[in-house]
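These values consider heavy atoms only, across backbone and side chains, with no hydrogens, waters or symmetry-generated copies. These numbers come from a predicted model, not from an experiment. Labels below follow one simple rule: chain letters A, B, ... track the order of the sequence lines, proteins then strands, and each chain is numbered from 1.
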Amino acid sequence: MSAPSPVSQTPPTSPSDDPDVLIRVRELSIGFDGVPLLEHLDFDVLRGEVFVILGGSGSGKSTLLKHIIGLYEPMRGHILIDGQDMAGARGESRLALLRKIGVAYQSGALFGSMTLLENICLPLEAHTELDREARELVARMKLRLVGLSGAEHQLPSALSGGMQKRAAIARAMALDPMILFLDEPSAGLDPITAADLDQLILRLADNLGMTFVVVTHELASIDTIADRVIMLDKESAGIIAEGEPVWLREHAEHPWVRRFFNRQATEAA
Amino acid sequence: MTTGEAGLAWDEAADGLVLRLAGRLDAHSVSRVWGQALDGLHSRAAQPVRIDTSSVEYCDGAGVAMLVDLLRQPRDAGAAVELGETPEAVQRMLAPFDVRDFQVADTGSRPPGPGFGRQLNEAIHDLGRHLYHQVEFVGEATAALVNAARHPAQVRWRDALRLAQEAGANALPIVALIAFLMGVILAFQSAVAMRQFGAEIFVANLVALSLFRELGPLMTAILLAGRSAAAFAAEIGTMKVNEEINALTTMGLDPVRFLVVTRVLAAVAVMPLLTIVADLVGLLGGGLVMLSFDVPLVTYFQQVTNAVSLGDFLGGLFKAAVFGLLVAGVGCLRGLETRNGAAAVGVSTTRAVVSAIILIVIADGLFAVLFFHLGI
């Protein structure tokens with residue numbers, strides 16, 4: 001790949017100074033064992049938008065997501081969620097922060113020994129004072145939202161991949177978080193199931209006003225759901241493009257970004 | 001009614017009662033008013049009720065669930081519960097749900113289980129299937145072992161050596177410790193009793209014969225079951241869950257030949273070696289106890305040599321090899337039987353250890369009868 005080029009200019013509606021910022025990432029460097037993977041990351045996620053993190057395989061998309069949700073400690077920099085620093089939060093303040101986010105992992109990460117209803121009731125049991133009947137009603141309504149009514153008593157192993165992902169989203173929504181993080185939601189799904197999942201994300205964003213941060217490299221999904229994207233690059237160890245997908249497809253300066261959006265092979269290939 | 005926290009109040013209107021909800025109807029505060037609202041509805045079952053949410057500041061999924069719960073409650077004729085003035089945000093949250101889909105009678109409980117007859121039938125069917133799989137596995141494993149004997153070059157010796165190191169060399173400290181303590185306890189307990197008759201010297205016979213014929217192979221096999229049968233079942237079980245076994249099959253590699261043969265060979269090879277160590281360390285423990293009873297080590301070991309025949313020693317080693325076969329075989333079998341999910345690996349591991357110990361004890365009993373008739 002060619003030498004790193006500057007980050008593509010965002011369109012005029014740049015949100016960097018928008019007061020309605022829900023996630024603010026500043027000068028973030030992440031990596032493992034002192035070796036940086038991504039450095040000097042700066043971006044904002046606005047309330048109510050579907051924000052997509054893009055990048056090639058091994059570019060650090062999922063790792064960045066895990067840093068934002070507090071699973072890993074950053075090497076440097078800050079991640080502010082609703083004004084609070086995730087890295088510095090401990091004890092009750094960390095719990096309060098975690099209640100603001102929901103995460104649906106790539107594999108679904110549903111607990112195999114529990115039914116779907118029990119999986120969704122679990123966070124409600126841990127974080128609310130609702131009685132069992134109320135918890136189950138909330139859980140059934142979440143399953144209805146993701147189109148899984150009737151599967152309440154199924155074990156995850158009895159479900160298809162698409163159903164497991166939808167169930168994972170239902171569990172992530174159990175506490176009505178402000179932000180829903182989805183790691184590769186449509187990976188490994190057939191196009192129809194993937195499109196259904198995209199529509200679900202849009203419906204939830206519109207109806208519930210939720211903010212979504214989605215890690216994906218499915219072009220069709222990006223076109224359908226993304227309000228804004230950032231693109232990570234392994235060689236540049238940072239963000240090589242930021243903006244609306246339609247704008248980037250036409251105006252991105254970085255050749256890798258143009259190839260990505262136009263689904264072109266690398267020159268060597 | 002205060003703002004912020006969820007609150008409720010009952011008012012009377014010309015067309016019936018009004019339940020006024022206010023504040024934040026969210027997962028953290030709604031539980032405070034949910035029960036009160038339900039109690040209020042039940043005590044006013046004969047009057048129509050209108051729910052007014054115009055003062056609700058915030059409503060999340062739990063708040064919507066409470067509204068659905070209130071709307072679905074059974075009522076007397078002409079005393080329906082309905083939504084009155086509702087903010088647009090709450091309406092939007094309620095839109096995806098039809099109250100008729102969440103009737104009170106539908107408690108969401110698990111469907112009733114099958115009757116006793118059907119359960120018995122299924123249990124017998126499961127037992128039959130289980131036995132069939134075990135026989136099938138024994139057949140496949142035997143064929144694979146025979147094939148390994150005929151074509152040793154096809155055996156994955158590098159894997160077998162690694163497994164032998166894990167099951168054998170790495171188990172040496174625990175085997176030696178248990179055997180030493182066993183020798184000490186056996187010698188001490190018997191010496192105290194036998195001293196009353198001046199027969200302390202025969203403690204050497206007791207310790208040696210017990211260790212060489214029974215306790216050496218038995219305790220080593222039980223330790224192997226706890227360490228290696230569990231490890232084999234967990235490793236193969238995880239491979240099954242991760243579809244690695246399916247990958248082997250689709251690549252044309254027989255999982256039994258690929259995974260079971262190496263483990264069985266490793267266990268059969270290391271069990272007699274571990275048993276020799278256990279026998280010798282156990283004897284040493286007994287000898288140290290005898291020193292405290294004024295029996296010199298030379299006398300003790302001379303007595304041991306006189307008491308133990310080559311048949312006792314080799315018989316014990318043969319038993320150990322068979323125990324190794326059983327432990328590795330059942331560990332692999334339970335691993336291959338693993339179903340889906342992380343919990344299934346735990347179940348397989350437990351079953352592997354329990355089955356291995358039961359098989360060891362049964363086999364030991366059979367050996368006792370066999371050796372008696374053979375005069376060993």
query: Take atom CZ in A:F32; do more than 12 heavy atoms of anything else shown fall under 6.0 Å from it?
result: yes
message: Out of A:S157, A:G209, A:A134, return the one with the most heavy atom pairs under 4.5 angstrom to chain B.
response: A:A134
Contact winner vs chain B - A:V138, A:L130, A:L137, A:T128, heavy-atom pairs under 4.5 Å: A:L137
- prompt: Would you say the side chains of A:T193 and A:D196 form a donor-acceptor pair under 3.5 Å?
  reply: no
- request: Look at B:V68, B:D60, B:D26 and state which one has the largest set of heavy-atom pairs under 4.5 Å with chain A.
  value: B:D60
message: Less than 4.5 Å to any heavy atom of chain B: does that hold for the side chain of A:R135, its backbone, both, or neither?
response: neither
- request: Might you confirm whether atom CD of B:E136 has over 12 heavy atoms from other residues, nucleotides or ligands at distances under 6.0 Å?
  value: yes
- request: Answer yes if the side chains of A:S221 and A:S186 hold a donor-acceptor pair under 3.5 Å, and no otherwise.
  value: yes
message: Whether the A:R144 and A:S149 side chains hold a donor-acceptor pair (N or O, under 3.5 Å, no angle test) is what I'd like checked.
response: yes
query: Tell me, side chain or backbone of B:A65 under 4.5 Å from chain A's heavy atoms, or both, or neither?
result: both
- prompt: For B:A342, is it the side chain, the backbone, both or neither that has a heavy atom under 4.5 Å from a heavy atom of chain A?
  reply: neither
- request: Take the angle between the ring planes of B:F97 and B:F102 and call it parallel below 30°, perpendicular above 60°, tilted in between.
  value: perpendicular
Part of A:D206 lying under 4.5 Å from any heavy atom of chain B: backbone
